[in-house]
Every structure is written in C-alpha cells, then in structure tokens.
A.B. asks: 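Pasting a structure below so you can have a look.
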Amino acid sequence: MITLEICCGSYEDAIAAERAGASRIELNSALALGGLTPDIGDLCLCKKQLCIPVIAMLRPRAGGFCYTEGEFFCMQKSAEIMLEAGADGLAFGILTPDRQVDIPRTKMLVELTHSYGREAVFHRAFDCVENLTAGAEALLTAGVDRVLTSGGAATAQEGCDMLHLLQMQFGDRLEVLAGSGVRSANVRRLIEQTGISQIHSSCRGNREDLTARGNQVSFAVQEGEKWYAYECVKESSVYAIYQEIVKYEGEGHENL
C-alpha cells in the first residue's frame, strides 16, 4: 500500500487532507516559513477529530538546523507536550555546523519519542547533509524510523536516482518518504522510478482574507499580479494525487 502524507498548517488543513484521501498528515504552523512547531490547540483538535495518524513538526524557528542549547531545550519540552497530547510521531532534524546529522541530539529526541511508543521522523534537514548515504547510516545509528527527503535535490523528481539508491540500500531498515514537488502529474512516475511507497506533498493553495490589507498597510503576500493572505492545503490537489495512487494500486503493481 502507498502512504500519502500531506503537509498541513492547521486543523482545517488536516480535515481537508483527510477528506480528500490522505493516509497521514504532518502538522505544522507557518507553512510560508517551511513549517514550524504547530499550535497545541490544532494538534489536540486533530487528534480528537481525525482517524488518520498525525505527525507533529518539531522545529522551533525558520532557517537552518543547527540549534543552540536553549533552542534544543525548547524542542525537548515541546516534544514532551505534543507526545502527551497524543501526536503519533514527531518530525525533526538537527545538524552539526559542518552539515552532518547531530547523532547525540537526534538520539535523545528519538528515545523520547520511542518512550511514548511513537514514530521518530527526520525531516528534510536531511537534504542539507553533505553525504546522504553517510547521513542515512547516521540516522540508523540514532534509531530514526523514517526520513523525509527529496534525494538532496530541489524536487523529488530531480532527486529520483538518489531516492532509488536510498530505498534500495536502506529501505528495509529506514522508511524513505519522498517529498518536494510531488503532484498528481508526477506521482506515478516517481513511485515507478524510485520503488518508494511513501509520498509526501504540500498540495498548497492560497487563501484570501480581505482584512489582510488596509488603506495604507498590507500583511498579504504578492504572487505575480495576485495577492493572498496565507497558504493552505488545496483539497482538490490532494484528491488528484489520491486518485492517481488508487489507479496505480488498482493495476496490481508488484512493488506495492
């Protein structure tokens, strides 16, 4: 079976994603910044209302992934709070200044997550690691369950050769979740070329809020000639990927 994970920025996003066929969500806040630790209220509502697993992002700020002692302490406390609230897993990524996996800190978060019987996921900080195969070995050393990656490229399609290598070399010990630029138009090709059975997509849309702009001020974002207030999950895009996956599985492919 192919798992379709959707990156969500709110409770409303998560509801839309499940309704459109998602089999798991990654819950964040601040999608425009690449996704940060979610609001605890969103997480509690998701766990109360959704029937699919909810992986909570653990990321204290935008930018890189080499954290100060204070930032890491906050990550540990946030992890405890989200696990207590019922998160089915945590997605995090911690690197050393020389772009290697920070094994000691990663292991600490993995052990905390596993103590609750939940999944530990290393997010796309992995794609900033200098050597991805060595990075995958480091994740195994730290006990990580799954890694979200584009194969070190800008998109999963561009990184499909590395994704295939990671799946072949580590797939039986480390779940490989392919993400970045995954759409209904390329999801089938990506699965076929990589052998990966877990797909991550943002399926982003833009939503307007007329109160984002006043007479002389604006909190909206301009994209070309259009303005929007914030990003959200586009339900039709999730459903389109879901439909492609259903058709692919219906053909009875052996690698599934």
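When a residue number appears, it is its place in the shown sequence, counting from 1.
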A.B. asks: Between Arg173 (side chain only) and Gln169 (backbone N and O only), is there a donor and an acceptor less than 3.5 Å apart?
C.D. replies: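 At least one qualifying donor-acceptor pair exists.
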A.B. asks: Taking Ser150 for its side chain and Ala154 for its backbone only, find out whether a donor-acceptor pair lies under 3.5 Å.
C.D. replies: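 Flag not set: sc Ser150 to bb Ala154 has no pair under 3.5 Å.
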A.B. asks: Can you establish whether the number of heavy atoms outside Tyr242 located under 6.0 Å from its atom OH is more than 12?
C.D. replies: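 No, the 6.0 Å shell around OH holds no more than 12 heavy atoms from other groups.
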A.B. asks: For the side chain of Asp42 and the backbone of Pro38, is there at least one donor-acceptor N/O pair under 3.5 Å apart?
C.D. replies: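 Side chain of Asp42 to backbone of Pro38: no pair is present.
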A.B. asks: Rounded to the nearest 0.5 Å, how far apart are CG of Leu177 and CG of Asp145?
C.D. replies: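 Rounded to the nearest 0.5 Å, the CG-CG separation comes out at 12.5 Å.
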A.B. asks: Side-chain contact, heavy-atom cut-off 4.5 Å: Phe126 with Leu166?
C.D. replies: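 Phe126 reaches Leu166 side chain to side chain.
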A.B. asks: Does some side-chain heavy atom of Leu163 sit less than 4.5 Å from a side-chain heavy atom of Asp161?
C.D. replies: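 Heavy-atom side-chain distance check fails, nothing below 4.5 Å.
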A.B. asks: Does this structure show an ion pair linking Glu130 with Arg99, if we count only N-O contacts that are shorter than 4.0 Å?
C.D. replies: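 Salt bridge absent between Glu130 and Arg99.
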A.B. asks: Considering only heavy atoms from C-beta outward, does the side chain of Glu119 approach that of Ile55 to under 4.5 Å?
C.D. replies: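 Yes, at least one pair of side-chain atoms sits under 4.5 Å.
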A.B. asks: Can you find a pair of side-chain heavy atoms, one from Ile103 and one from Thr141, that are under 4.5 Å apart?
C.D. replies: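 They are in side-chain contact.
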A.B. asks: Grab the two heavy atoms, one from Val217 and one from Phe219, that are nearest each other, plus how far apart they are.
C.D. replies: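 Looking at all heavy atoms of both residues, the shortest contact is CG2-CE1, 4.3 Å.
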A.B. asks: Considering only NZ, NE, NH1 and NH2 on the basic side and carboxylate oxygens on the acidic side, decide whether Glu18 and Arg24 come within less than 4.0 Å.
C.D. replies: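 Salt bridge absent between Glu18 and Arg24.
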A.B. asks: Just wondering, do Arg207 and Glu12 contact through their side chains at under 4.5 Å, heavy atoms?
C.D. replies: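 A side-chain contact under 4.5 Å exists here.
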A.B. asks: Taking Ala134's backbone N and O only, do any of them form a donor-acceptor pair with Asn131's side chain (distance below 3.5 Å, no angle check)?
C.D. replies: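 Checked: pair present.
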A.B. asks: Identify the two heavy atoms, one from Ser218 and one from Arg213, that lie closest to each other, and give their separation to 0.1 Å.
C.D. replies: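 Taking every non-hydrogen atom into account, OG-CG, 3.0 Å.
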A.B. asks: When you check the gap from the basic side-chain N to the acidic O, do Glu244 and Lys247 get nearer than 4.0 Å?
C.D. replies: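 Salt bridge present between Glu244 and Lys247.
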A.B. asks: Kindly indicate whether the side chain of Lys47, heavy atoms from C-beta on, has any atom under 4.5 Å from the side chain of Asp88.
C.D. replies: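 A side-chain contact exists here, since the closest heavy-atom pair is under 4.5 Å.
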A.B. asks: So, is the end of the Arg105 side chain (NZ or CZ) under 6.0 Å from the ring centre of Phe72 and within 45° of the ring's axis?
C.D. replies: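 Checked: cation-pi criterion met.
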